[in-house]
**Q** 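Dropping a structure here in structure tokens format, bear with me for questions.
What you see below is based on every heavy atom in this structure, not just the backbone, and it leaves out hydrogens, waters and symmetry mates. The residues of the chain are indexed from 1 along the displayed sequence.
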Amino acid sequence: MKHFDVVIVGGGHAGCEALHAVCRYGLRAALVTLDQSKVGVMSCNPAIGGLGKGHLVREIDALDGIMGTAADLSGIQFRLLNRSKGPAVQGPRTQSDRTLYLQAIQALLAKQDYTLIEGEAADLISSGAAVSGVRLADGSEILAHSVILTAGTFMRGVIHIGDKRVSAGRMGEKAADVLSQKMESLGAVFGRLKTGTPPRLNGDTIDWRQLELQPADSDPVMLSFLSKGPTVRQVSCGITHTNSQTHDIIRENIDKSAMYGGHIEGIGPRYCPSIEDKITRFADKSSHQVFLEPEGLTTNCVYPNGISTSLPQDVQEAYVRSIVGLENVEIQQPGYAIEYDFLNPQGLSSDLESSLMGGLFLAGQINGTTGYEEAAAQGLVAAIGVAKRLKGVSPITFDRSTSYIGVMIDDLITRGATEPYRMFTSRAEFRLKLRADNADQRLTEQGYTSGLVSESRFDAYQEKMKRLDKCRALLSSMAVSPNQARQVGIDLGLDGRRRNGHELLSIPGVTVSNLSGLAPGLAECDTASLDQAAREALYVTYIERQGRDIDALARDLSVKIPKGFHYAGVPGLSSELISKLNAARPESLGAAKNIEGVTPAALTAVLLSIKSQGLKNTG
């Protein structure tokens, strides 16, 4: 019998981030996993980051987490998504070498002091109303003051390929059925969700000459604030498309799909649909894009992003080989759907502590989310909750106005999950200030005060802020007249008022290079600081206005929504939100706020419409 401060169950992204964090807090920790060689494995898409997800990774990194560092050490194609749009919705992403990512995670964990236990967690040990440890399938007990359960897709996981069903947590690994049963005895009420993967392809059998190639960015944006640049060779992805023949094959065999054949009850991710879903829901589209992503530098395996499926293997081969460039391709592993248990996250505290037992924390897909980044962020939150419970550390505030992590946690615990939850920038009403580039400014100091962020990380952050503050001061001290501005191509109108550098950079089209002739001192600033200051200036007016709107909305949540209110007539509401609001018929704005997917922007639109109707009725 062994005794620890905390036991983490599961070695996926949530478990790894939780483990590293509790170790940074100085807690005695154990990690229980079915296969120690798989700790940190990328079980699905070989990529980290993206839109919304990249923001989460930057926030994890700002708190000295490991996902961003591991992604940078293994990244073989860095791309900044939405580069042509504003900084608030740009998302850093890298395609990773699977083997290098796993090695990086395990190397980063090896620097911490913890105990690795290979085995199956089959039971939770309790003392009164609190958890006191974990019992393994072999009968051995591991005692602990807290447990972080990160079971991923293993809780009664079932893999579906056509009409074939296999009990598994992921391909080749057994499910955790006993633990589900134990939690049910505690009063847990599980729902079922599903996710899917595409078939893995032999890259040597792809005709790359027929395909459009997408190279890595020439000026890569890294996932970690501390990374200087890529460390391994960069590669290109291939782009191809499904076609009418592909769609015909799938339609002809749709009844053989596990999902459409009635074999799966779980709900899948609406924003990452299977190829069966795509051709059914978007029947008017004649093709869908497929990204062919190499899984590493030393493997020929390719991940065809965009064609996840649960069709039988022979049908998968037929539809894949109908796609340009894949006519003679070999499938190394068939695609499959996996169905698994999850718990309604509305039973969790903001620290992700479960109401089932004191000291029991849940993180990752067990809470209804999907994706590596969402899981890792929850692992970090759970670890902070454990440290607060056991050591009384200074808490870190995650709310909707300070972080994407706060947006996700609030969404989960107040609205629950009716489908696999995925992070998007559109979920964050404060996204203009919750940018990926300033995650450290929002969170690192809090993390240091809490004891989570190392001295070296905080020192690097302080040095960065000194450089940035110097740049900000130079911009603030500028006093540019309209005449001076015209000389460098900036039109300030005829009011005669002088502008400082921040005001100039808030004008669309004005860049730092425009200001170099007006303030020679800016040459003393480094490029990164100037770029950061320019991003801040671009949004400052909008952020102030948005803050006032949100404050006003908070005062109006008690406003009653008239019976029979016509949501379809509200400008800006999506058809999806109109449908949800019509179904729920909330009595007030406060009640509408708790409906999944209803954002403050949508509430503001409804409020304005109510007020407008009131004015018309009284007029």
Side-chain angles (χ1 to χ4, degrees), residues 55 58 62 80 82-92 219 221 225 401-403 425 428-445 460-555 600-601 604 608:
H55 293 70
R58 281 285 182 83
L80 182 65
N82 273 355
R83 184 179 284 269
S84 63
K85 298 183 179 180
V89 294
Q90 292 174 349
D219 53 342
V221 175
F225 286 102
S401 66
T402 61
S403 63
T425 54
E429 58 272 25
F430 287 99
R431 59 185 170 274
L432 295 184
K433 71 173 184 177
L434 302 186
R435 304 187 307 276
D437 63 271
N438 66 5
D440 53 349
Q441 295 176 58
R442 295 184 274 112
L443 295 171
T444 297
E445 193 159 348
Y461 167 72
Q462 287 184 306
E463 287 300 316
K464 171 185 172 178
M465 292 310 297
K466 286 179 184 177
R467 296 191 299 271
L468 181 56
D469 287 342
K470 177 183 177 181
C471 179
R472 288 167 172 166
L474 284 168
L475 289 169
S476 295
S477 65
M478 293 175 65
V480 179
S481 69
N483 186 49
Q484 290 173 310
R486 277 193 294 274
Q487 292 175 15
V488 293
I490 303 173
D491 184 6
L492 298 182
L494 302 174
D495 64 3
R497 186 170 69 85
R498 291 176 177 270
R499 268 67 162 198
N500 65 30
H502 295 293
E503 291 175 301
L504 293 173
L505 287 170
S506 70
I507 300 171
V510 175
T511 65
V512 171
S513 61
N514 293 121
L515 307 189
S516 58
L518 300 172
L522 290 179
E524 301 173 17
C525 295
D526 62 288
T527 301
S529 296
L530 283 170
D531 288 345
Q532 180 75 39
R535 286 190 288 267
E536 293 173 352
L538 182 63
Y539 289 123
V540 64
T541 303
Y542 299 100
I543 289 172
E544 291 173 354
R545 183 189 308 161
Q546 189 179 60
R548 291 192 295 270
D549 289 344
I550 297 300
D551 289 342
L553 180 62
R555 296 190 297 269
T604 300
L608 292 174

**Q** Quick check against the 3.5 Å criterion: does Thr444 have a side-chain atom that pairs as donor or acceptor with the backbone of Ala62?
**A**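 Answer holds: yes.
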**Q** What pairs of residues pass the salt bridge (charged side-chain N to carboxylate O under 4.0 Å, His left out) test when at least one of them lies in residues 502-513, not counting sequence neighbours?
**A**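 Non-adjacent pairs meeting salt bridge (charged side-chain N to carboxylate O under 4.0 Å, His left out): Arg497-Glu503.
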**Q** Looking at every non-hydrogen atom in both residues, tell me the closest pair between Pro92 and Leu80 and how far apart they are.
**A**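 Closest heavy-atom pair between Pro92 and Leu80: N-CD1, 3.7 Å.
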**Q** So, the side chain of Asp531 versus the backbone of Ala528: is there a donor-acceptor pair under 3.5 Å, distance only?
**A**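 Such a contact is absent between Asp531 side chain and Ala528 backbone.
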**Q** Just grab all the salt bridge (charged side-chain N to carboxylate O under 4.0 Å, His left out) pairs involving residues 474-485, residues at least two apart or on different chains.
**A**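 Non-adjacent pairs meeting salt bridge (charged side-chain N to carboxylate O under 4.0 Å, His left out): zero.
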**Q** Ala533: which residues meet the side-chain contact (heavy atoms from CB on, under 4.5 Å) condition with it, sequence neighbours left out?
**A**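 Testing Ala533 for side-chain contact (heavy atoms from CB on, under 4.5 Å), a comparison that skips the adjacent residues, returns Leu468, Cys471, Leu475.
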**Q** Looking only at non-hydrogen atoms, find the nearest pair between Arg435 and Arg442 and report the distance.
**A**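 The answer is O-NH2, 2.9 Å.
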**Q** Is there a side-chain contact between Leu505 and Val512 (heavy atoms, below 4.5 Å)?
**A**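 In short, these two side chains touch, coming nearer than 4.5 Å.
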**Q** Under a 3.5 Å distance rule, please check whether Asn82 uses its side chain to pair with a backbone N or O of Lys85 as donor and acceptor.
**A**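 Pair absent, no side-chain N/O of Asn82 close to backbone of Lys85.
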**Q** As a quick check of understanding, evaluate side chain to side chain contact (heavy atoms under 4.5 Å, CB included) for Arg472 and Met465, giving each step before the final call.
**A** CA-CA 10 Å; Arg472 288 167 172 166; Met465 292 310 297; 3.7 Å; yes
**Q** Give me the atom names and distance for the closest heavy-atom approach of Tyr542 to Leu432.
**A**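 Result for this residue pair: CB-CD1, 3.5 Å.
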**Q** For side chain to side chain contact (heavy atoms under 4.5 Å, CB included), just list the numbers for Asn483 and Leu492, CA-CA rounded to whole Å, side-chain angles, deciding distance to a tenth of an Å, and then say yes or no.
**A** CA-CA 8 Å; Asn483 186 49; Leu492 298 182; over 6 Å; no
**Q** If I take atom CG from residue Asn438 and atom CG from residue Leu443, how far apart are they, to the nearest 0.5 angstrom?
**A**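 So the gap between those two atoms works out to 9.0 Å.
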**Q** Please confirm whether the backbone N or O of Arg83 pairs with a side-chain atom of Gln90, one donor and one acceptor, at under 3.5 Å?
**A**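 Indeed, once roles are kept as given, a pair shorter than 3.5 Å links the two residues.
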**Q** State, to 0.1 Å, how close Leu434 and Ser403 come at their nearest heavy-atom pair, and which atoms those are.
**A**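 Taking every non-hydrogen atom into account, CD2-N, 3.6 Å.
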**Q** According to salt bridge (Lys or Arg N to Asp or Glu O under 4.0 Å), who are the partners of Arg499, at least two apart in sequence or on a separate chain?
**A**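 Testing Arg499 for salt bridge (Lys or Arg N to Asp or Glu O under 4.0 Å), a comparison that skips the adjacent residues, returns Asp495.
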**Q** Does the pair His502 and Ser476 meet the rule for a side-chain hydrogen bond (donor to acceptor under 3.5 Å, both in side chains), with working shown?
**A** CA-CA 6 Å; His502 295 293; Ser476 295; 3.1 Å; yes
**Q** Hey, what do you get for CD1 (Ile490) to CG (Asn514), rounding to the nearest 0.5 Å?
**A**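 Atom-to-atom, Ile490:CD1 and Asn514:CG are 4.5 Å apart.
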**Q** Exactly one of Leu474, Val488, Leu522 should register a side-chain contact (heavy atoms from CB on, under 4.5 Å) with Leu515. Which one does?
**A**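 Among Leu474, Val488, Leu522, the one meeting side-chain contact (heavy atoms from CB on, under 4.5 Å) with Leu515 is Leu522.
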**Q** Do the non-hydrogen side-chain atoms of Tyr539 and Pro87 ever get within less than 4.5 Å of each other?
**A**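 Tyr539 reaches Pro87 side chain to side chain.
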**Q** For the backbone of His55 and the side chain of Arg58, can you confirm whether one donor and one acceptor N or O come within less than 3.5 Å of each other?
**A**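 A pair under 3.5 Å: no.
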**Q** Within the 3.5 Å criterion, strictly below it, is a donor on Asp437 or Gln532 matched to an acceptor on the partner's side chain?
**A**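 Distance-only check passes for Asp437 and Gln532.
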**Q** Is the shortest heavy-atom distance from the side chain of Leu538 to the side chain of Arg535 under 4.5 Å?
**A**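 Sidechains of Arg535 and Leu538: no contact.
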**Q** If you count the non-hydrogen atoms of other residues, nucleotides and ligands that lie under 6.0 Å from CD in Glu445, is the total more than 12?
**A**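 No, CD of Glu445 has 12 or fewer neighbouring heavy atoms, counting only those of other groups under 6.0 Å.
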**Q** Using salt bridge (Lys or Arg N to Asp or Glu O under 4.0 Å) as the criterion, list what pairs up with Lys466, not counting sequence neighbours.
**A**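 If we apply the salt bridge (Lys or Arg N to Asp or Glu O under 4.0 Å) test to Lys466, skipping adjacent residues, the hits are Glu463.
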**Q** For the residue pair Arg467 and Cys525, establish whether any side-chain heavy-atom pair is separated by less than 4.5 Å.
**A**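 No, side chains not in contact.
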**Q** Test the Lys433-Phe430 pair against the cation-pi criterion, namely NZ or CZ under 6.0 angstrom from the six-membered ring centroid and within 45° of the ring axis.
**A**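 Yes, Lys433 and Phe430 form such a contact.
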**Q** So, using side-chain contact (heavy atoms from CB on, under 4.5 Å) as the criterion, who are the partners of Gln484 when residues are at least two apart?
**A**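 If we apply the side-chain contact (heavy atoms from CB on, under 4.5 Å) test to Gln484, skipping adjacent residues, the hits are Val480, Ser481, Arg498, Leu518.
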